[in-house]
Amino acid sequence: MSTSGPPQFRYTQTPSKVLHLRNLPWECSEEELVELCKPFGKIVNTKINVGANRNQAFVEFPDLNQAIQMVSYYASSSEPAQVRGKTVYIQYSNRHEIVNNKSPGDNPGNVLLVTMEGVEAGDVSIDVIHLVFSAFGFVHKIATFEKAAGFQALIQFTDSETASSARNALDGRSIPRYLLPEHVGSCNLRISYSAHTDLNIKFQSHRSRDYTNPYLPVNPTAIDGSLQLAVGPDGRKKEPESNVLLASIENMQYAVTVDVLHTVFSAFGNVQKIAIFEKNGSTQALIQYPDIATASVAKEALEGHCIYDGGYCKLHLSYSRHTDLNVKAYSDKSRDYTIPDASLLAASSQIPWQNHQAMPAYGGNAYNAPPGVPGMPHQAPTGQSPGPGPGYGSNPGSYGGHTSYQPQPPMHPYGNTAAGPPHSSPHIS
DNA sequence: AGCACA
């Protein structure tokens, strides 16, 4: 027993500047913890809602002695440590630092990201979600979607205080059984904060609601939960046309960046937005034009063509169900060319999307290439051609209008000699 | 009332 401590303590722990607190009152806040601990030193990190009952926590002092002071004070005190009158038990943690306490989803915001575990999208209706979360305040908007993590919902409250009260109360708990279909065993909620502040809800539908705007149109395609495909003249299903193209990129031997896509797709008209993402292990991109006509021309011209010689980065195009992409204005995976100036990005989250036809105003401010756009050939093409596709440089009359732009032939707009990525520019073959 | 995995 040479290594054990006093016999009255079954678990003797070596001091740590991290303390483990248990028997905390329900929903004990970080502030209450700090209040309890601060007579002994500054708290530099915390982790709350720990344990099955979520009534445990860790606090970390900068200095080991401060933790020792606190533990020994309460070990000999006649008054136990208390929060809201409830006795709190304090001991040294068996770890010496609180690791990675704050994930991005822990930064409070007014929009919650809710993951519903153990259910499929059809099991939890948006009305049930609304009911559950309305207990904490007015729910402005809800958007639901399916991701790899499962069925998820973004829930927008008025402010982060309301959102955090909902999160604190519901995170890790379950939706009441009586609100769920019988075949569902349980639906546990995992809740974090979204980085969103204002959701863009296009339609009232089975997957999204805007409770601040009851006159928002009902989504004509989502109303019965099924995609209604028109039937083409040949009798085959035909996807509805859209101003947004979905590009699947096959045989992607070379990086396909936002700039590369912009170069390629600008040959047919003004590209408003681009988003690149991974799906099922392959790379896809959404390319938004102002109108269906432009998208249609681009789709017909580019389908099956390759961005680079040698069969690399072959494009397969279809119409997206989107009509207006909600993308980060400037990131390595997305671009919003309708925002003329990066200094205005702060205002970008308020861009409304109301209907398909809504076109951003290009008033005088025709698209300017963002700074530092790569992808353009330094070895200029043959020179007198109409240029390496539109989009760069001046092209009066091309923007702001509709389809007056004459698309360049998609074949090798940069000439076809010595072409080979990544040293050369993308061109269509 | 007894140790966290985002």
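Chain A is the first sequence line, chain B the second, and so forth, proteins listed ahead of strands; every chain is numbered from 1.
- Separating the CD atom of A/E97 from the C1' atom of B/dC3 is a distance of 15 Å, rounded to the nearest angstrom.
- Residues forming a side-chain hydrogen bond (donor to acceptor under 3.5 Å, both in side chains) with A/N168 (at least two apart in sequence, or on another chain): none.
- As a whole-Å value, the separation of A/Q56 CD from B/dA4 C1' is 9 Å.
- As judged by a 4.0 angstrom heavy-atom cut-off over every strand, A/E60 is placed among residues making no nucleic acid contact.
- Taking a 6.0 Å sphere around NZ of A/K86, one finds it holds more than 12 heavy atoms contributed by other residues, nucleotides or ligands.
- Within the nucleic acid shown, A/N23 comes within 4.0 Å of sugar-phosphate atoms alone, with no base atom in reach, counting heavy atoms only.
- A/H140 is not listed as a side-chain neighbour of A/Y211, based on a closest heavy-atom distance of 4.5 Å or more.
- Between A/R54 atom CZ and B/dC5 atom P there is a gap of 10 Å when expressed in whole angstrom units.
- The aromatic ring of A/F58 is stacked on the base of B/dA4, with the two ring centres less than 5.5 Å apart and the planes inclined by under 30°.
- Spacing between atom CG of A/D171 and atom C1' of B/dA4 amounts to 14 Å, rounded to whole angstrom units.
- Rounded to whole angstrom, the span from the CG atom of A/L33 across to the C1' atom of B/dC3 amounts to 15 Å.
- Heavy-atom distances to DNA chain B give each of A/Y89 and A/V50 a nearest nucleotide, and the one nearer the 5′ end belongs to A/Y89.
- In this entry the distance linking NZ of A/K17 with P of B/dC3 reads 20 Å, nearest Å.
- Spacing between atom CG of A/L21 and atom P of B/dC3 amounts to 13 Å, rounded to whole angstrom units.
- Between the CG atom of A/N49 and the C1' atom of B/dC5 there is a distance of 16 Å, rounded to whole Å.
- Listed by first then second residue, pairs satisfying ring pair (Phe, Tyr, Trp, His ring centres under 6.0 Å) with a partner in residues 68-94 of chain A read A/F40-A/Y73, A/F40-A/Y74, not counting sequence neighbours.
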